[in-house]
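Everything on this sheet refers to the single structure shown next.
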Amino acid sequence: MTAFQDTALRQGQAAPGRGVLVTLMTGTLLAPLNSSMVAVALVPVREHFAAPLPSVVWMVTAFYLAACVAQPVMGRLADLFGPRPVFVAGMALAALASAAAPFSPTLGTLVACRAVQAVGGAAAFPCAMVLLARRGRATGHALTGIAAANTVSGAVGPVLGGALVSLGGWSAIFWINLPLTVGALVAALLLFESAPAPGRGHGRRTRRGIGTRGPGRSAPAGASGLIAVYVLFVLFNLAYYGAFYGLPQWFQDARHFTPAQAGLLVLPIAATGALATVAAPALLRRVRLSRLLLSGALMLVAGLAGVTAFGTGTPVWLLVADGVLLGVPYGLCNLGLQRLMYERAPARFAGTAGGLFQTCRYVGAILAVGLVGLLPPQASSGGRGGLMGLGVAMTAVAGVFLLAMAADLGRRRSTAHRGQELESTLEAPGKPGLNATSEVERG
């Protein structure tokens, strides 16, 4: 029984219904979808406003900066006041910003709309974590659905964005938000309970991680373990989004593909990322989480190393093949690191922990945008298309991510082994009056 399930049983609450889960998934997909669709819209926006690329990139940077601040704030508000009012307010704010953005008279106004859109969308993921904490389904199908929506939407964003830009111009990436945000808002008003947030304290039980697997066991690595997950997630997103934002620009500027074609060239990343996300829960029933994460990290290093060989004469099939290789770690590492966060975070701070996790995604993406600005893909550089420097930098970051991942997982296994030895010692004959669980908790 997880800490989420234990809380739900004591509060007499059932698992969320299908309508509630679909609403949470719809709200959750907004932030990654909007952060990724814009990748293929930067060039059309630059042409529309006749602005230099560094100015247009603020569409990405402002979104991430606003989301970085808003995610933990929304999470804390959801912890204190419950998910319903925070979710509804967030969807309303995102809808208003999306409706106003296509009418922006200047690039600065468009950037401001993107920032407000990010603040509204930031409410969904932490609200989902709080609601799942109250309903006791953190490790069931609800958790998988939320994680899949969060991961897959970011992967399919460039493909959808490319199609929308080709059909309706750059403004179409904002119009698509209206049915999603308004639909989620109405559904939340109808389906979400207006009950107050869970109580602020459940004795020693609240010290357990959100996803711990046994009663009486503390979170696997405590606060330091949760911080390690956050650092790993920053590194992963820095490496991944360097390619995510660099490649579409290179496809259009160096290889002269249209936005729709650039989106299709990112489709292998989207497709394999989606498949890996869907397959990851089944894989976790057969292999350890540590092996899943390390496999994903190794494939990320290999995929980014392949980017360094891209040039203006690289065959399209090689671009597609490398995209397939990059897509798998997007699914595995995103879902795997989310699972680690669920295991290590205190249940009564579910919203705050989930918000900080998303903040780490955006911190990594902001750093990646800066990296792309420092080493921009160009239609020169000796036929390499300007990707050599960017590819080497991303590969180096991915290597650090792999090494840090291996160190953290090794330390976790060592800590778990010592905990099992301590528990065996305390329960051994000749140790009357000692209770293994309480001693471990006091330690």
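Just so you know, these numbers use all the heavy atoms, side chains as well, and skip hydrogens, waters and symmetry mates.
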[X] to [Y] - nearest heavy-atom pair and separation:
X: Val116; Y: Ala97; value: CG1-CB, 3.8 Å
X: Thr312; Y: Ala254; value: CG2-O, 4.3 Å
X: Val307; Y: Gly391; value: CG1-CA, 4.3 Å
X: Arg46; Y: Ala51; value: CG-O, 2.7 Å
X: Ala297; Y: Cys333; value: N-SG, 3.8 Å
X: Pro72; Y: Leu356; value: CB-CD2, 3.7 Å

Using 0.5 Å steps for rounding, measure from the [atom1] atom of [X] to the [atom2] atom of [Y].
X: Met394; Y: Leu326; atom1: CE; atom2: CG; result: 8.0 Å
X: Leu238; Y: Phe401; atom1: CG; atom2: CZ; result: 11.0 Å
X: Tyr230; Y: Thr359; atom1: OH; atom2: OG1; result: 8.5 Å

Is [X] reaching over with its side chain to a backbone N or O of [Y], donor-acceptor style, under 3.5 angstrom?
X: Asn334; Y: Tyr330; answer: yes
X: Arg84; Y: Leu189; answer: yes
X: Ser35; Y: Pro32; answer: yes
X: Ser104; Y: Ala101; answer: yes
X: Arg286; Y: Ala282; answer: yes

Handout entry: Listed partners of Asn34 passing side-chain hydrogen bond (donor to acceptor under 3.5 Å, both in side chains), at least two apart
Key =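 By the side-chain hydrogen bond (donor to acceptor under 3.5 Å, both in side chains) rule, Asn34 matches Gln117, Asn177.
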
